[in-house]
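The analysis underlying the following values was restricted to heavy atoms, covering all of them including side chains, and did not include hydrogens, waters or symmetry mates. This one's a predicted model, so the numbers in the text were calculated from it and none came from an experiment.
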Amino acid sequence: MHYQTESWGSYMPTRSSVGDPLERIERLASENAVVIFSMSTCCMCHAIKRLFCGMGVNPTVHELDEDPSGKDMEKALMRLLGSSTAVPVVFIGGKLVGAMDRVMASHINGTLVPLLKDAGALWL
């Protein structure tokens with residue numbers, strides 16, 4: 001797994017440089033084939049990360065509880081999903097797949113692997 005933070009060296013963005021949390025989510029989600037927004041202490045987040053790693057996918061993981069803007073991003077994800085639970089949220093190929101239930105349903109019905117192949121996350 002590849003963990004992302006906004007810190008490069010000693011640089012930490014200020015609130016004004018981060019901008020709209022939804023725009024930031026969209027930007028981060030489009031930067032890699034598979035992006036997971038997570039909390040480091042969330043068991044469902046751990047399970048979804050293990051699912052992708054077990055499939056041979058190397059997701060980019062953004063741990064919201066380790067991000068200075070994580071709370072704002074969490075609220076934006078809840079609005080985006082229309083849910084009271086913000087994580088885990090998975091984007092594949094820059095497109096929202098959804099939370100754990102949607103990802104597992106896609107895995108079970110056989111549509112997850114084609115999504116991963118189309119995004120370039122799987123080569124098999």
Exercise. Which atom names give the shortest non-hydrogen contact between Ala29 and Val35, and what distance separates them?
Worked result: O-CG2, 3.7 Å
For this session: Show your reasoning for whether side-chain contact (heavy atoms from CB on, under 4.5 Å) applies to Leu64 and Leu77.
Result: CA-CA 11 Å; Leu64 298 182; Leu77 287 166; 3.7 Å; yes
Exercise. Nearest heavy-atom pair of Pro88 and Ile48: which atoms, and what distance?
Worked result: CB-CG2, 3.7 Å
Exercise. Do the charged groups of Glu31 and Arg27 touch, with an N to O distance under 4.0 Å?
Worked result: yes
Please list, one pair per line, the donor and acceptor atoms closer than 3.5 Å that link side chains of residues 100-111 to other protein atoms, with sequence neighbours excluded.
unit_1: Ser106; atom_1: OG; unit_2: Arg102; atom_2: O; d: 3.0
unit_1: Asn109; atom_1: OD1; unit_2: Thr111; atom_2: N; d: 3.0
unit_1: Asn109; atom_1: OD1; unit_2: Thr111; atom_2: OG1; d: 2.7
unit_1: Asn109; atom_1: ND2; unit_2: Ala105; atom_2: O; d: 3.3
unit_1: Thr111; atom_1: OG1; unit_2: Ser106; atom_2: O; d: 3.4

For this session: Show the numbers, then the answer: is there a side-chain contact (heavy atoms from CB on, under 4.5 Å) between Met55 and Val113?
Result: CA-CA 9 Å; Met55 296 174 76; Val113 169; 3.6 Å; yes
For this session: Group every Ile, Leu, Val, Met, Phe, Trp and Tyr by side-chain heavy-atom contacts under 4.5 Å, then state whether Ile25 and Met78 land in the same group.
Result: no
Problem set entry | Trace of the side-chain contact (heavy atoms from CB on, under 4.5 Å) decision for Leu81 with Leu96 | CA-CA 9 Å; Leu81 293 173; Leu96 174 66; 4.2 Å; yes
Exercise. Is any NZ, NE, NH1 or NH2 atom of the basic residue among Arg24 and Asp67 found under 4.0 Å from an Asp or Glu carboxylate oxygen of the other?
Worked result: yes
Exercise. What's the shortest heavy-atom distance between Pro59 and Cys53, and which atoms?
Worked result: CD-SG, 4.3 Å
Exercise. Which atom pair, heavy atoms only, marks the closest approach of Cys45 to Ser38?
Worked result: CB-OG, 3.1 Å
Problem set entry | Mutual orientation of the aromatic rings belonging to Phe37 and His62 [parallel < 30°, tilted 30-60°, perpendicular > 60°] | parallel
Problem set entry | Met44 CE: over 12 foreign heavy atoms closer than 6.0 Å | no
Exercise. Which of these passes side-chain contact (heavy atoms from CB on, under 4.5 Å) with Phe52: Leu116, Leu122, Asn58?
Worked result: Leu116
Exercise. Is there a donor-acceptor contact under 3.5 Å from the side chain of Glu74 to the main chain of Ala86?
Worked result: no
